[in-house]
Amino acid sequence: MSFEVVKAVNPTKATNIKALAESGGLTSVPSEYTFTTNPNDQAEANDPEYSIPTIDFSLLTSGSPDQRSKVLHDLHKACEEWGFFMVINHGVPDKVLKGMISVCEAFFNLTDEEKKEFQGTSNVLDPIKCGTSFNIAIDKVLLWRDFVKVISHPDFNSPHKPVGFSEAASEFSKRTREVATELVNAISETLGLESNYITKAMNWDQGLQLLAANYYPACPEPDRAIGIPPHTDHGLVTLLIQNDMGGLQVQHKGKWVDWNAPPNAFVVNLGDQMQVLTNDKYKSVWHRAVVNSKATRISIAVPHGPSVDTIVVPAPELLEREHQEPVFSGMSYKDYVELQQSSKAYMKPCIDFIRI
Ligand code: OGA
Ligand code: NI
């Protein structure tokens, strides 16, 4: 039976892994999707060295001065040592998070015909886009995930289907942006800069925010496929939520660490523009999404970046204070995003293209 299924959907032309994975009878991963990971690169589940830092957001915004400075200290450490941390007590109601996951699920349940309208073009900055692998033309391996991606700031965009998507996405993006803004201000302080330094230098008011929802169907051989291969995010900070299935792994001290967190926490990772701005002090973190054989996983990544026309350079104030030379040349955020998604940077550290 599985033979028929594979034949019925030509994977190289697939616009949708959901249909292939959920058509029934698929017992192995088709060759176009084969991606093997090395189990020796996995961190031990209970090793305290790999326990992911947690930031209590409520202490940052309404704790005593002592509590706030302790959180800033933890945040500084998390940014310097991990580039990745979990944010709890962030104040975004569960209803808003669950509501967003549920409208995204409804989006993925639309028919191919209905989704076609939202496919977008090859331009990475299309206001609305959906599909499967990032770019079938350059991806060497097809990904075990479908996605829908919208630009939600500076202008809010949304598909007009399914019912309720736009309202849920608008509320979710607004609330998530508030949390991201507080975090970026706090990160600015951990660098010894004014709290609004980063937002000013990055033209945050016009900053790019994306909502990127990922759908990873259950996979018959999870060790032989990948949801998203190792990469760094291009922006400043990405906030991510997921349904109750795990799958995000981050690289730390050469090992892949599973992120197992409550579904109401945000996972935050630093992106390439933060690494450029801090002249390598705070590094963007390598991460990937693995798949599982049990149930569908849905995640929503919300990358926040500078305005697209900002030329990002290492912060002159930091260079002066630390007596450093800049290690990156300036590039507009838009050019950087386009470079990262081009075949030139496929599976390579994009940031090395601008390293001096
Ligand atoms: C991303 C991403 C990870 C995940 O969308 O950039 O890294 O767990 N997603 O879905
Ligand atoms: Ni990512």
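For the single chain, residues carry numbers from 1 onward in sequence order. Atoms within a ligand are numbered from 1 in the order they appear, just like the ligands themselves.
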* Asked: Under 3.5 Å, side chain of Asn38 to main-chain N/O of Asn40, donor-acceptor pair present?
  -> yes

* Structure fact -> re atom 2 (C) of ligand 1, the protein heavy-atom contact at minimum distance is Ile228 CD1, 3.7 Å

* Return the residue, atom name and 0.1 Å-rounded distance of the protein heavy atom closest to atom 8 (O) of ligand 1. => Arg297 NH2, 2.8 Å

* Under a 4.0 Å heavy-atom limit, does Arg288 contact ligand 1 with its side chain, its backbone, both, or neither? -> neither

* If we only count heavy atoms from C-beta on, is the Ile128 to Ser158 side-chain gap below 4.5 Å? -> no

* Structure fact -> So the atoms of ligand 1 within less than 4.0 Å of a heavy atom of Leu240 turn out to be 3 (C), 4 (C), 8 (O), 9 (N)

* State yes or no: are the ring centers of Tyr333 and His234 separated by less than 6.0 Å? => yes

* Take the angle between the ring planes of Tyr33 and Trp144 and call it parallel below 30°, perpendicular above 60°, tilted in between. => perpendicular

* Check ligand 1 against His287 and write out every atom of the ligand that is under 4.0 Å from a heavy-atom position of the residue. => 7 (O)

* **Glu317: partners by salt bridge (Lys or Arg N to Asp or Glu O under 4.0 Å), with sequence neighbours left out** => none

* Counting heavy atoms only, which part of Ala301 comes closer than 4.0 Å to ligand 1: side chain, backbone, both or neither? -> side chain

* Structure fact -> At under 4.0 Å between heavy atoms, what of Phe147 touches ligand 1? The answer is neither

* Pairs touching residues 182-222 that satisfy ring pair (Phe, Tyr, Trp, His ring centres under 6.0 Å), sequence neighbours left out -> Phe108-Tyr215, Trp204-His304

* Does the Asn279 side chain pair with the main chain of Val327, one donor and one acceptor, at a distance under 3.5 Å? -> yes

* Structure fact -> Closest to atom 4 (C) of ligand 1 among protein heavy atoms sits Tyr216 OH, 3.4 Å

* **His231 neighbourhood, listing ligand 1 atoms whose heavy-atom distance to it stays under 4.0 Å** => 1 (C), 2 (C), 6 (O), 7 (O)

* **Sub-4.0 Å heavy-atom approach of Val267 to ligand 1** => no

* Asked: Are Ser293 and Pro222 close enough that some pair of their side-chain heavy atoms sits under 4.5 Å apart?
  -> yes

* Structure fact -> Applied to residues 70-88, the salt bridge (Lys or Arg N to Asp or Glu O under 4.0 Å) test, sequence neighbours excluded, yields Lys70-Asp74, Glu80-Lys281

* When hydrophobic residues are tied together by side-chain contacts of less than 4.5 Å, even through go-betweens, does Val92 share a cluster with Met86? -> no

* Asked: What atoms in ligand 1 come closer than 4.0 Å to a heavy atom of Asn214?
  -> 5 (O), 9 (N), 10 (O)

* **Polar proximity ligand 1 side, Arg145 side, N/O cut 3.5 Å exclusive** => no

* Checking Lys149 against Phe147: charged group under 6.0 Å from the ring centre and within 45 degrees of the axis? -> yes

* Asked: Any side-chain donor-acceptor pair under 3.5 Å between Asp146 and Asn214?
  -> no

* Could you list which atoms of ligand 1 come closer than 4.0 Å to a heavy atom of Asp233? => 6 (O)

* Asked: Can a salt bridge be assigned to the pair Glu338 and Lys334 using a cut-off of 4.0 Å between side-chain N and carboxylate O?
  -> yes

* Structure fact -> Any protein N, O or S atom under 2.8 Å from the Ni ion (ligand 2)? Found His231 NE2, Asp233 OD1, His287 NE2

* Asked: Is Thr238 touching ligand 1 with its side chain, its backbone, both, or neither, if touching means heavy atoms under 4.0 Å apart?
  -> neither

